[in-house]
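Reminder, nothing fancy here: chain letters follow the sequence lines and each chain counts from 1.
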Protein chains: 2
Amino acid sequence: MMKLPGKTVERLSEYRRTLLECLNEKRNFIFSHDLAARLHITAVQVRRDLMLIGYSSVLRKGYDVRELIDTIGKIIDSEESMNVAVIGIGNLGRAVAGYFKGKRSKLNLVASFDNDPQKVNRVISGVKCYPYTDIERMIKELDIRIAILTVPPDFAREITEETVRFGIKGILNFTTIPLNVPSGVYLEEYDMITSIEKVAYFVKENKIY
Amino acid sequence: MMKLPGKTVERLSEYRRTLLECLNEKRNFIFSHDLAARLHITAVQVRRDLMLIGYSSVLRKGYDVRELIDTIGKIIDSEESMNVAVIGIGNLGRAVAGYFKGKRSKLNLVASFDNDPQKVNRVISGVKCYPYTDIERMIKELDIRIAILTVPPDFAREITEETVRFGIKGILNFTTIPLNVPSGVYLEEYDMITSIEKVAYFVKENKIY
DNA sequence: AAGCCAATGTTAATAATTTAACAATAATCA
DNA sequence: TGATTATTGTTAAATTATTAACATTGGCTT
């Protein structure tokens, strides 16, 4: 399987999320245009993405929800499950940890890290919290591949450098500090202020006050 | 000023954030390639975006940091400040509220909403929390234009319908439920699971275990 | 002060992404 | 059963976004 465009990967994740909702609703089949409508995109987009991953429905009663969930999993999930840690278990860190609960998928949240003595060595939002001094040991012991960074900005660069040195291969950075990582490490950054400012801009431009 | 592409708006927000960091570092001028490097994009991208907003540096000693911050503000901020509310003041809601603290900009977080009796009528992360029953009154009284949605998924659709009915013009949806809003209301959605799955996918594809 | 250098603004080219168009085909129904 | 409809997979076109190319210009050097 050729490497997919990032945009397509994102949508596949969204398709799966939506399909799982369908299962909840006891819907076993879904048309491309239904799936599209739920995600505010076009049916062509859906069909094209599924084409890219080589999925065919055969039936004309829409896609088999369960089957498609599986197919998407085969593409975007890793063979065995991958371990994840949240670094900085403040409000955002706990929110992230909460999102993992009850979520299927091959991603296991196996640890969090923080320095607050109130938190260290306790289970918070379902994950054990370790002190930063244990980070090297735990990354190796638990085979952690992905770090979700929710630390205060001042601390972001330092901790990133460490996690990378200790073997982390992917970072999702929620801090406001842009990071630099060596090649071979995948970095995804998200700044919620940017999203809010974007909303504000388009609200302003609509001028429907 | 013509309406800008969403991508450019996002980058402008990021430019400003970076420029504010520059001020912290007592840097008063910055070259396009410096700014670009900090954000992992190209210098051409920066120059092109600035061209779009009609900014010229005149100097060849880089952009005047303060001036550029102002210019970006003139483009992406609204004339008077715009009021924002966080709906659902759980972990994620508190994290969002925390991000607002110490942030300049024309966006004021003026309220949060929740139904937990532990939270209602108290100040949490710097904002007063109101019960959902007050939502109509407060949106109008405080002239709230933007809602940041951080409620449990089951509640997302219902509360969205209400906020829109009561006059909200922009929604940033952090829940896992895709929303539908009438035209005239701007909707931005972000699902952190998608980001994490994207990271996992590219880690897997790199295959540098 | 003349000439070089470095950085900019802008147009043109390229690449990526989305959308449109349409042929193919299973399901439906007269 | 045969025609019709609805939906799919896929190629081609259009759009959007990024990058390259380059002329311009202020500053610096000698």
Contact state string [nucleotides 24-30 of chain D, B base, S sugar-phosphate only, - no protein heavy atom under 4.0 Å]:
-BBS---
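At a threshold of 4.5 Å between non-hydrogen side-chain atoms, the residues B/Val164 and B/Pro182 count as touching. Within the 4.5 Å cutoff, the side chain of A/Leu179 has heavy atoms near those of the A/Leu187 side chain.
A heavy-atom distance below 4.0 Å to DNA chain D is reached by these residues of residues 62-72 of chain A, ordered by number: A/Gly62, A/Tyr63. Of the residues in residues 20-48 of chain B, B/Thr42, B/Val44, B/Gln45, B/Arg47, B/Arg48 come within less than 4.0 Å of DNA chain D through at least one heavy atom, sorted by number.
Taking every nucleotide of DNA chain C with any atom under 4.0 Å from a non-hydrogen atom of chain A, the first and last of them, 5' to 3', are C/dT17 to C/dA27.
The side chain to side chain contact (heavy atoms under 4.5 Å, CB included) check on A/Lys106 picks up A/Asp77, A/Ser81, with sequence neighbours excluded. With sequence neighbours left out, the ring-ring contact (aromatic ring centres under 6.0 Å, His included) criterion links A/His33 to A/Phe31. For B/Phe155, the ring-ring contact (aromatic ring centres under 6.0 Å, His included) partners at least two apart in sequence or on another chain are B/Tyr132. Residues forming a ring-ring contact (aromatic ring centres under 6.0 Å, His included) with A/Tyr190 (at least two apart in sequence, or on another chain): B/Tyr190.
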Which pairs would a plain distance check flag for residues 45-54 of chain B, meaning a side-chain donor or acceptor within less than 3.5 Å of a matching protein atom at least two apart in sequence or in another chain?
residue : atom : partner : partner atom : Å
B/Gln45 : OE1  : B/Arg11 : NH2          : 3.1
B/Asp49 : OD1  : B/Thr8  : OG1          : 3.3
B/Asp49 : OD1  : B/Arg11 : NH2          : 3.2
B/Asp49 : OD2  : B/Arg11 : NE           : 2.6
B/Asp49 : OD2  : B/Tyr15 : OH           : 2.6

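Each side chain to side chain donor-acceptor pair (under 3.5 Å) pair with one or both residues in residues 146-161 of chain B, not counting sequence neighbours, appears once here: B/Glu161-B/Arg165. For residues 42-63 of chain B, the set of pairs meeting the ring-ring contact (aromatic ring centres under 6.0 Å, His included) definition, not counting sequence neighbours, comprises B/Tyr55-B/Tyr63.
Taking CD1 from B/Ile69 and SG from B/Cys22, the interatomic distance works out to 8.0 Å, rounded to the nearest 0.5 Å. In this structure, the separation between CD1 on A/Ile139 and CD on A/Glu162 is 8.5 Å, given to the nearest 0.5 Å.
For B/Glu79 and A/Lys204, the salt-bridge test fails: no basic side-chain N is under 4.0 Å from an acidic carboxylate O. A salt bridge is absent between B/Lys3 and A/Glu205; no separation between the charged side-chain nitrogens and carboxylate oxygens falls under 4.0 Å.
The 12-atom threshold is exceeded at CZ of A/Arg27, counting heavy atoms of other residues, nucleotides or ligands nearer than 6.0 Å. Within 6.0 Å of the CD atom in A/Glu25, the count of heavy atoms belonging to other residues, nucleotides or ligands exceeds 12.
Residue contacts for B/Ser56: at a heavy-atom cut-off of 4.0 Å it reaches the sugar-phosphate backbone alone, with no base atom in range.
For B/Lys7 and D/dT15, the NZ to P distance is 18 Å, given to the nearest whole Å.
Relative to the axis of its first five pairs, the axis of the last five pairs of the helix from C/dA1-D/dT30 to C/dA30-D/dT1 sits at 0°, rounded to 10 degrees.
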